[in-house]
Amino acid sequence: MSLKKDGIMIILSSPSGAGKTTLTNLLSRKFRFHISVSHTTRKPRPKEIHSKHYFFVKKKEFNRLILNNKFLEYAKVFNNFYGTSKDYVFKMLKNGKDVLFDIDWQGTKKIKNKKLKFKILTIFVLPPSRDVLFKRLSNRDMRDKLIAEERMKQFNKDILHWKNYNYVVINDKLDRCIQEIKKIIFFKKKSKKYLQDKKKIRKHVKHLLS
Ligand code: ADP
Ligand code: 5GP
């Protein structure tokens with residue numbers, strides 16, 4: 001019997017463009033967390049690398065993976081499919097490695113409902129303002145301004161899911177935000193509660209929706 005402690009599942013979700021992918025990559029680089037690389041039917045963005053950012057697959061292959069029960073969860077987001085690979089994630093967690101997930105609220109809900117034996121920490125990332133969010137989306141999706149506009153339209157709905165997460169962080173400055181997430185993870189690993197000002201968060205959400 002192994003005495004090794006299981007790793008924890010650290011889930012980051014946010015409205016598109018708030019910065020969860022950037023944060024996930026920085027956290028993994030700085031603190032050696034393992035990233036769950038999802039499969040997607042979406043086309044790669046410039047600079048995205050197959051097997052590093054996503055496993056980019058055709059719809060037919062994605063369906064085959066569903067049929068073979070390869071996904072811990074999968075969901076349709078912005079007209080594309082995204083899925084979390086079961087084997088890799090379980091292998092890492094059982095080996096005591098903490099795993100970072102950059103997935104949406106649907107995937108988070110599905111994973112929580114599975115009542116797995118692993119500890120789960122859920123963090124919702126918010127942008128500092130709508131203007132900043134639009135600029136980030138426009139810079140990222142330069143090839144197609146319509147994508148940024150479509151994702152802004154979805155923002156008001158996506159943001160409402162913040163309440164179902166353990167913690168909420170505002171991604172204003174990357175360094176500050178990374179330090180806060182690191183602290184939250186540290187507290188979780190010690191089974192302690194990290195205190196957050198819920199009133200301040202509610203006020204910020206209200207401001208983002210106005
Ligand atoms: P998401 O994964 O939530 O959709 P990304 O991580 O792709 O968002 O970030 C969207 C864009 O915003 C990217 O171009 C990224 O470089 C930029 N970005 C993310 N966080 C910050 C930040 N704190 N300050 C400035 N730019 C940021
Ligand atoms: P993007 O196309 O911007 O990379 O991602 C779009 C959305 O899909 C983001 O909210 C991202 O977190 C989510 N996503 C990425 N991978 C997965 C996954 O495996 N499962 C689920 N449910 N959502 C995912």
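Counting convention: from 1, in listed order, for ligands and their atoms alike. Please read these numbers as outputs of a predicted model, since none were measured by experiment.
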Test N63 against F81 for side-chain contact (heavy atoms from CB on, under 4.5 Å), laying out the working first. CA-CA 10 Å; N63 284 336; F81 286 87; over 6 Å; no
Would you mind listing which atoms of ligand 1 come within a distance below 4.0 Å of any non-hydrogen atom of [X]?
| X | result |
| --- | --- |
| T21 | 1 (P), 2 (O), 6 (O) |
| G19 | 1 (P), 3 (O), 5 (P), 6 (O), 8 (O), 9 (O), 19 (C) |
| S14 | 3 (O) |
| S16 | 4 (O) |

Quick check: does [X] get an N/O under 3.5 Å from an N/O on ligand 2?
| X | result |
| --- | --- |
| G83 | yes |
| Y54 | yes |
| Y82 | yes |
| S16 | no |

Contact check, [X] vs ligand 2, heavy-atom distance below 4.0 Å:
| X | value |
| --- | --- |
| R45 | yes |
| H39 | no |
| K20 | yes |

Report yes or no: does a heavy atom of N139 sit under 4.0 Å from some atom of ligand 1? no
Geometric class of the [Y]/[X] ring pair [parallel <30°, tilted 30-60°, perpendicular >60°]:
| X | Y | answer |
| --- | --- | --- |
| H39 | F71 | perpendicular |
| F124 | Y165 | tilted |
| H50 | F56 | tilted |

Between D172 and ligand 1, which residue portion shows a heavy-atom distance shorter than 4.0 Å: side chain, backbone, both, or neither? backbone
Does Q154 reach the main-chain N or O of P15 with its side chain, forming a donor-acceptor pair under 3.5 Å? no
Counting heavy atoms only, which of V125, I147, D102 is nearest atom 12 (O) of ligand 2? D102
Pick from V77, D158, L72, D104: the one approaching atom 22 (N) of ligand 2 most closely through a non-hydrogen atom: D104
Just how far is it from atom CG of L23 to atom OG of S14, taken to the nearest 0.5 Å? 8.5 Å
What part of R42, side chain from CB on, backbone N/CA/C/O, both or neither, has a heavy atom under 4.0 Å from ligand 2? side chain
Classify the contact between E73 and ligand 2 as side chain, backbone, both or neither, using a heavy-atom distance cut-off of under 4.0 Å. side chain
Minimum-distance protein heavy atom relative to atom 19 (O) of ligand 2: S38 OG, 2.7 Å
Considering only the protein, which heavy-atom contact is closest to atom 20 (N) of ligand 1, and what is its distance? N171 ND2, 3.0 Å
What about R45: any of its N or O atoms under 3.5 Å from an N or O on ligand 1? no
